[in-house]
A.B. asks: 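Would you mind keeping the following structure in view while I ask a few things?
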Amino acid sequence: MAFLGEVFSSEIIKKHVLDPKGEELGRVRDLVIVKGDPLPVIIALIIEKKNKLFYLAWTDLNIFNKKIISSSVYSDSLLIYEFKEDDLLIVRDILDKQIVDANGAKVVRVNDIKLEGYHDKAVLVAVDVGMRGILRRLGIERGGEDLMRLFKKHLPFSLISWNYIQPLHPKLSSIALTVPRQMVSELHPADLAEIISQVSHKEGASFFKDLDVETAAEALSELEPDVQADIITAMDSERAADIIEEMPPDDAADILSDLSAEKAQEILENIEKEEAEDIQELLGHEEDTAGGLMTNDYISYSPEMTVKEATERFKRDAREVETVYYIFVIDKDEKLIGITSLREMLLAESDCLLADIMETNLKTVSPGEDEMVVAEVVSKYNLLAIPVVDENGYMHGIITVDDIIDVLLPRSSRRKRRKV
Amino acid sequence: MSRWKRILLFMAIMGPGIITANIDNDASGITTYSVAGARFGYSLLWTLIPTTIALVVIQEMVARMGVITGKGLSDLIRENYGVKSTFFLMIGLLVANVGTTVANFAGWAASMEILGLSKYIMVPAGAIAIWILVTKGSYRVVESILLFACLLYFGYVISGFMAHPDWSEVFRSTFVPDIKWDSEYIYLSIAIIGTTITPWMQFYLQSSIAEKGVKKEEYSASRLDVIIGCSITDIVAFFIIVTCATTLFSAGIRIDEAAEAANALRPLAGNYASLIFAISLANASLLGAIIVPLATAYYISEALGWERGVNKTFKEAPQFMWIYTFIIVVSALLILIPGAPLVFLMVLSAVINGLLLPFVLFYAISLVNNKTLMGEYTNSRSYNYIAWGTVATIILLTSLLIIKTLIPNIL
């Protein structure tokens with residue numbers, strides 16, 4: 001059966017269901033849903049006739065829309081239905097339930113449910129949480145619209161997409177969103193961070209519980225230092241370590257430097273050894289210097305590597321690294337001898353050596369250099385990142401242009417660093 | 001559990017039951033008792049025993065629902081009976097409760113006038129004070145203040161003793177009904193039992209227990225809280241009737257308002273008794289002006305699923321706080337505007353409350369018997385007989401009261 005278009009559950013409930021001859025089978029009492037990919041799917045209608053409940057499978061339906069619901073079977077082939085705890089029912093389990101956001105704060109109730117056709121099936125696409133939903137349930141949606149028009153206002157549609165609702169299970173007492181209430185649309189981690197800094201820090205921490213590690217790490221990097229510290233302190237060290245591990249080492253170091261010494265130590269112990277060493281190293285530098293700004297997260301290959309090999313390696317390494325536009329060429333003694341860019345590498349013949357295509361006239365800064373000097377150098381040569389190299393030619397890390405911007409902007413999310 | 005542990009546990013759980021029941025003695029409750037005592041002496045005292053029983057039966061069920069489900073009554077009604085029932089119930093209760101709040105501000109204004117303070121200063125001052133208390137205070141602080149304020153009801157007990165009643169006569173009337181076939185007598189006895197149980201109490205009690213987060217294991221403490229609360233309430237009512245009966249009834253003074261009682265007491269029982277009476281009325285009125293708007297804010301927010309709670313800030317639960325603010329501001333203004341239709345509003349409120357009470361009680365008793373919600377904590381069969389009997393009696397009395405309110409000359 002083809003079901004196209006959209007319909008609200010309130011337009012279906014209590015509707016007559018007809019058999020092929022047009023006789024009434026009963027009235028719709030509830031809809032049975034199951035988990036589907038990507039959205040929950042309706043598998044059956046529960047219909048009521050003379051105080052008895054019957055189960056009408058979705059596949060037995062001919063027509064399903066807000067005007068007519070008709071089945072291809074007769075009443076004698078319907079099965080009696082009894083409410084089961086394990087079934088997920090729209091009216092019993094979803095409608096009128098409390099919606100809580102990712103922080104557990106109560107937001108609103110499910111006033112109505114929107115269904116849409118998808119591959120011959122009806123799927124749940126959204127919950128209606130607005131006044132419109134209530135008016136529709138009361139049967140006066142049109143009246144409400146007219147009334148609002150008198151005041152030259154529009155009755156808004158307030159729908160929350162099903163994508164923002166956490167997986168349902170039977171016998172739930174409230175329905176949880178995957179996002180805080182302030183946001184019902186897709187958000188960039190930077191925007192997420194803004195929202196988190198608005199909610200109280202305690203709520204902010206509980207918010208992070210529900211994010212995947214990657215998103216959490218990205219959102220956390222964007223927060224103000226004091227908020228970061230509060231949120232991390234409120235988490236258990238293991239979870240905090242997972243998130244920090246996911247962050248670029250320079251951001252990680254910034255956060256750790258704002259924590260109490262014990263907490264920072266505890267977290268470092270939970271981080272993978274290599275990662276932890278990188279962070280430790282960064283923590284050793286003074287703030288406001290090149291060393292304090294840099295990250296040791298960059299791509300570096302040996303000069304003998306061919307472009308083909310380097311490209312292969314790059315595909316693996318680039319996933320984990322923040323800044324990938326420059327490839328630093330380092331010899332056996334860990335001395336920086338050249339730089340090439342992603343563009344050069346892609347344009348070069350595949351059997352070329354990196355040594356052949358690299359730039360050797362290098363612009364570098366020393367770890368102790370003042371941050372403003374670093375900014376000047378980066379600005380003068382239009383660099384995306386600048387390597388930090390000591391007097392012996394050893395490479396310590398890179399400073400990326402976005403960290404420079406943070407230094408230059410007046411309010412700047414400049415991070416105060418304290419040595420651990 | 002040791003005795004001390006038990007007492008400590010009870011102290012922690014105590015609050016919602018005592019507060020709800022006590023504030024049932026708000027301005028209109030006190031008026032009813034004062035009028036009853038002044039008009040019929042001790043002979044209506046017996047009505048307090050059935051009143052106490054009815055109050056305990058209903059409040060216990062509601063408290064039990066709050067503990068077991070952790071949700072408010074309005075939450076449960078919306079989740080189990082849908083939008084339509086909830087919507088009309090809420091609209092009705094909103095109007096009724098504005099009326100009740102107005103009555104309480106009127107009581108506050110009248111008692112302030114007795115104390116020689118202008119209502120144009122004291123009504124705004126009272127309104128601002130209770131607004132700050134709830135919007136800025138935490139649940140714990142608000143509860144402690146309310147519990148302390150409940151102690152002030154003992155003023156009525158003191159004034160009762162100061163009136164020097166004939167105790168043997170008092171006790172006889174309490175336990176032996178002395179029914180008079182007089183239309184006003186019947187009306188007042190119905191009023192005493194009928195006005196004791198109001199819709200807002202059920203919502204407030206359950207919501208505050210839910211907000212407090214009382215656990216299943218602590219339920220017996222909550223039940224004790226309810227029983228103590230209901231008993232104190234009727235002991236206070238008892239002393240109001242006794243005071244007015246001993247003094248005003250004996251002197252043949254008829255009154256229509258609680259504030260009149262306070263004034264009339266001065267020559268009969270002395271300045272102090274009069275003062276205590278007035279202060280207690282002021283206290284009761286102000287408490288009512290806190291709890292009734294608060295109950296309204298709770299059940300509307302629950303019905304629509306908004307964040308709620310005394311613990312929340314304006315930012316966290318804006319709708320909850322705005323409803324509370326709105327009701328207080330509107331009620332206080334109505335008292336201050338000369339010529340506002342106060343009597344009409346209070347009658348309207350009494351009628352709506354009476355009309356809605358059967359639905360509220362019906363929902364409450366059906367929900368408390370819902371196995372999916374309550375599990376093993378549903379009513380037992382025998383308790384259900386008592387509960388349904390109480391509900392039926394209250395509904396009958398309330399209906400009579402509405403008829404009498406709408407058609408005053410019927411009896």
Side-chain angles (χ1 to χ4, degrees), chain A residues 8-10 13-14 29-30 83-87 89-101 103-113 127-141 144 158 160 170-177 180-182 198-200 202-203, chain B residues 65-92 94 138 207 210-211 213 216 297-323 363 367 370-375:
Chain A
F8 283 96
S9 66
S10 61
I13 303 306
K14 293 208 173 145
R29 167 76 181 267
D30 214 328
F83 280 120
K84 290 182 212 96
E85 290 291 341
D86 301 339
D87 285 341
L89 301 172
I90 281 192
V91 175
R92 188 190 65 177
D93 298 327
I94 302 178
L95 213 54
D96 292 320
K97 284 287 181 294
Q98 177 76 56
I99 298 185
V100 299
D101 73 0
N103 307 330
K106 299 180 181 82
V107 189
V108 76
R109 282 185 184 276
V110 179
N111 293 334
D112 210 345
I113 293 162
V127 293
D128 189 327
V129 295
M131 202 57 205
R132 213 174 244 279
I134 291 189
L135 295 177
R136 196 181 308 111
R137 292 275 295 283
L138 296 172
I140 50 171
E141 187 183 8
S158 317
I160 295 182
K171 277 189 96 172
L172 74 184
S173 69
S174 62
I175 292 169
L177 298 182
R181 64 175 144 179
Q182 291 90 340
Q198 281 162 11
V199 302
S200 75
K202 197 179 87 202
E203 280 182 6
Chain B
M65 273 196 280
V67 175
I68 305 302
T69 65
K71 290 178 176 178
L73 185 55
S74 187
D75 274 320
L76 296 179
I77 293 177
R78 170 76 195 264
E79 284 172 14
N80 292 279
Y81 298 101
V83 166
K84 266 182 207 164
S85 336
T86 319
F87 190 77
F88 293 114
L89 200 59
M90 292 306 125
I91 298 267
L94 177 62
S138 69
S207 299
E211 184 176 0
K216 274 182 197 174
Y298 266 125
Y299 56 66
I300 293 181
S301 301
E302 281 169 10
L304 294 172
W306 295 327
E307 186 61 287
R308 58 213 166 239
V310 178
N311 263 336
K312 298 285 187 281
T313 63
F314 232 102
K315 210 171 165 187
E316 290 167 326
Q319 298 95 339
F320 178 85
M321 292 300 176
W322 272 115
I323 295 168
Y363 285 138
L367 288 167
N370 182 333
K371 273 230 154 24
T372 17
L373 291 174
M374 300 292 292

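Below, chains carry the letters A, B, ... as their sequence lines are ordered, and counting in each starts from 1.
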A.B. asks: Applying the side chain to side chain contact (heavy atoms under 4.5 Å, CB included) criterion to B/Val83, which one of A/Leu95, A/Leu135, A/Asp96 satisfies it?
C.D. replies: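 Checked A/Leu95, A/Leu135, A/Asp96 against B/Val83; only one passes side chain to side chain contact (heavy atoms under 4.5 Å, CB included): A/Asp96.
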
A.B. asks: Rounded to the nearest 0.5 Å, what separation is found between the CD atom of A/Gln98 and the CD atom of B/Glu302?
C.D. replies: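 Rounded to the nearest 0.5 Å, the CD-CD separation comes out at 9.0 Å.
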
A.B. asks: Report the C-alpha separation of A/Leu138 and B/Lys84 in whole Å, then their side-chain angles, then the decisive distance to 0.1 Å, and conclude whether the side-chain contact (heavy atoms from CB on, under 4.5 Å) test is met.
C.D. replies: CA-CA 6 Å; A/Leu138 296 172; B/Lys84 266 182 207 164; 3.5 Å; yes

A.B. asks: Please answer whether the main-chain N or O of B/Gly82 pairs with a side-chain N or O of A/Arg137 as donor and acceptor at a distance below 3.5 Å.
C.D. replies: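 Answer holds: no.
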
A.B. asks: Quick one: what part of B/Asp75 sits under 4.5 Å from any heavy atom of chain A, side chain, backbone, both or neither?
C.D. replies: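 Backbone plus side chain of B/Asp75, per the 4.5 Å heavy-atom cut-off to chain A.
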
A.B. asks: Considering only heavy atoms and a distance below 4.5 Å, find which of B/Ala303, B/Ser301, B/Gly70 pairs most often with chain A.
C.D. replies: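 The option with the most such pairs is B/Ala303.
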
A.B. asks: Run the side chain to side chain contact (heavy atoms under 4.5 Å, CB included) test against A/Ile13 and tell me which residues pass, sequence neighbours left out.
C.D. replies: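 Only A/Val28, A/Val91 meet the side chain to side chain contact (heavy atoms under 4.5 Å, CB included) criterion with A/Ile13.
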
A.B. asks: I'd like to check the ring-ring contact (aromatic ring centres under 6.0 Å, His included) partners of B/Tyr81; sequence neighbours left out, ordered by chain and number.
C.D. replies: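 With sequence neighbours excluded, B/Tyr81 shows a ring-ring contact (aromatic ring centres under 6.0 Å, His included) to B/Tyr363, given in chain and number order.
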
A.B. asks: When rounded to the nearest 0.5 angstrom, what is the spacing between CG in A/Asn111 and CZ in B/Arg78?
C.D. replies: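 Result: 4.5 Å between the selected atoms.
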
